[in-house]
Amino acid sequence: GAASYKSDIMGNYIGLYAGYSPRTRSAGSSGGILTWVLKKLLTDKLIDAAICVEPTDNPEQRFRYVIIKNCRKILTCGKSAYYPVTLGEVLTHVRRNEGRYAITGVPCFHKALRSLRSVDPVLDNRLRFQIGLVCGQMKSSFYADYLIRLAGLDPSETGEVCFRKKNPDGKANEYLFTAKSIRDEGEIGQVSNSFIGNNWAMGFFKPSACDYCDDVFAETADLVAMDAWLPQYLLDGRGWTLIISRHPELQYLLDLGNKSGELVLESVTENQVIASQKGALNHRRIGLRYRLHVKQKRNEWAPIKRVAPS
């Protein structure tokens, strides 16, 4: 069925929520709701496998997409990964292996998947649920190397990294970047978010394509999660998630989880969701107008966007 509400800013939706999963909260970057949803889809046999991004201990490719059929392994994919990954291998697997899949990703990946599904009936039939993550910007692999150096380690001698290690006793945005050395008896280096926040805001290590993206809320995904960057949730370092629900089956799962106590959900308004991503929206709507204007003035190509150059 179609979504019940339409928003020019964040797309169509059925429901808007803030919440967390008591069981999977610690495994996620915020409230652990997407981890719970993926586990629920597997345990209720609504899908045969989930396609998620997991960390590796390979310095050449620190994160990768994987096919997961085991609920326990879902927990290893719960953290945000500010790192480039590719869908190539997992989509080849989906084409060659019949089944029902749920796939996670950032907005540009979901738009690409919708376009691909429109011309590929096999993928269209097998990719049952698209689970989105709100995105402010992507990062190149050099961002991870930069943070590893800030943490006092050598990137070539560093294994698994975590961009979002929680500080349960602090605020939700007072998280840590951690990295583990593959030498020196597994030395752990870390950097606090307060120390690296400025380089994020300045867009260091960001692909230029991100400056011409206008989709903050993964508008083509069936369910979307984001950090609850709102005053009433920031004080809880364990994390809260904001959710945009767009698919009737996934909405039903959320309702069941809330009634059973497996989820703690409270309704939020459209304005609250928009306010939580004010910085990203300023960049991708207001700032985008100016960047398009500069391209136009220089007589350079730029994509056609929903906002006009000005």
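Model, not experiment: these values are computed from the prediction.
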Engineer: Rounded at 0.5 Å granularity, tell me how far OH in Tyr5 sits from CD1 in Ile244.
Structural biologist: 14.0 Å
Engineer: Quickly, which of Gln137, Arg164, Lys139 forms a side chain to side chain donor-acceptor pair (under 3.5 Å) with Tyr82? Name it, please.
Structural biologist: Arg164
Engineer: First locate atom CG of Leu16, then atom CD1 of Ile243, and finally report the distance between them rounded to the nearest 0.5 Å.
Structural biologist: 10.0 Å
Engineer: Please test Ser80 against Ser29 for side-chain hydrogen bond (donor to acceptor under 3.5 Å, both in side chains), starting from the C-alpha separation and ending with a verdict.
Structural biologist: CA-CA 6 Å; Ser80 298; Ser29 290; 3.1 Å; yes
Engineer: Are the side chains of Glu54 and Arg64 in touch, meaning some heavy atoms are under 4.5 Å apart?
Structural biologist: yes
Engineer: Hey, does Met226 have a side-chain heavy atom less than 4.5 Å from the side chain of Val273?
Structural biologist: yes
Engineer: Heavy-atom count around Arg100 CZ within 6.0 Å, excluding the residue itself: above 12?
Structural biologist: yes
Engineer: Excluding sequence neighbours, so at least two apart, what forms side chain to side chain contact (heavy atoms under 4.5 Å, CB included) with Asp44?
Structural biologist: Lys40, Leu46, Leu253
Engineer: Is any side-chain heavy atom of Asn97 closer than 4.5 Å to a side-chain heavy atom of Ile67?
Structural biologist: no
Engineer: Supply the atom-to-atom distance Ser140 OG to Tyr83 OH, rounded to the nearest 0.5 angstrom.
Structural biologist: 9.0 Å
Engineer: Taking atom NZ of Lys165 as the centre, does the number of heavy atoms from other residues, nucleotides or ligands within less than 6.0 Å exceed 12?
Structural biologist: no
Engineer: Does Arg126 reach the main-chain N or O of Tyr101 with its side chain, forming a donor-acceptor pair under 3.5 Å?
Structural biologist: no
Engineer: For a 4.5 angstrom cut-off between non-hydrogen side-chain atoms, does Arg128 reach Asn125?
Structural biologist: yes
Engineer: Got a sec, which pairs hit ring pair (Phe, Tyr, Trp, His ring centres under 6.0 Å) with one end in residues 108-140, sequence neighbours left out?
Structural biologist: Phe129-His247
Engineer: According to the interplanar angle, ranging from 0 to 90°, do the rings of Tyr20 and Trp240 count as parallel (below 30°), tilted (30 to 60°) or perpendicular (above 60°)?
Structural biologist: perpendicular
Engineer: State, yes or no, whether a side-chain contact exists between Asp48 and Lys69 at a heavy-atom distance under 4.5 Å.
Structural biologist: no
Engineer: Going by heavy atoms in the side chains, are Arg306 and Arg285 under 4.5 Å from each other?
Structural biologist: yes
Engineer: First locate atom CG of Asp154, then atom CZ of Arg149, and finally report the distance between them rounded to the nearest 0.5 Å.
Structural biologist: 7.0 Å
Engineer: Verify salt bridge (charged side-chain N to carboxylate O under 4.0 Å, His left out) between Lys295 and Asp211, making sure each step is shown before the conclusion.
Structural biologist: CA-CA 12 Å; Lys295 285 284 191 182; Asp211 278 337; over 6 Å; no
Engineer: Answer yes or no: are there more than 12 heavy-atom neighbours, outside Lys206 itself, under 6.0 Å from its atom NZ?
Structural biologist: yes
Engineer: Counting only heavy atoms not in Glu60, do more than 12 sit closer than 6.0 Å to its CD atom?
Structural biologist: no
Engineer: If you count heavy atoms of other groups shown closer than 6.0 angstrom to CD of Glu89, is the number above 12?
Structural biologist: no
Engineer: Measure the shortest side-chain to side-chain distance between Lys79 and Pro55 over non-hydrogen atoms and say whether it is less than 4.5 angstrom.
Structural biologist: no
Engineer: To check you understand the geometry: which heavy-atom pair defines the closest contact between Ile182 and Ser156, and what is its length?
Structural biologist: CD1-O, 4.2 Å
Engineer: Can you tell me if Tyr17 and Gln251 form a side-chain donor-acceptor pair at under 3.5 Å?
Structural biologist: yes
Engineer: Sort out for me which residue in Asp215, Asp120, Asp222 forms a salt bridge (Lys or Arg N to Asp or Glu O under 4.0 Å) with Arg114.
Structural biologist: Asp222
Engineer: Hey, what do you get for CD (Gln232) to CD (Glu266), rounding to the nearest 0.5 Å?
Structural biologist: 7.5 Å
Engineer: Looking at side-chain heavy atoms only, is the closest gap between Arg284 and Cys135 below 4.5 Å?
Structural biologist: yes
Engineer: In the hydrophobic cluster built from side-chain contacts under 4.5 Å, what are the other members alongside Leu234?
Structural biologist: Tyr175, Trp229
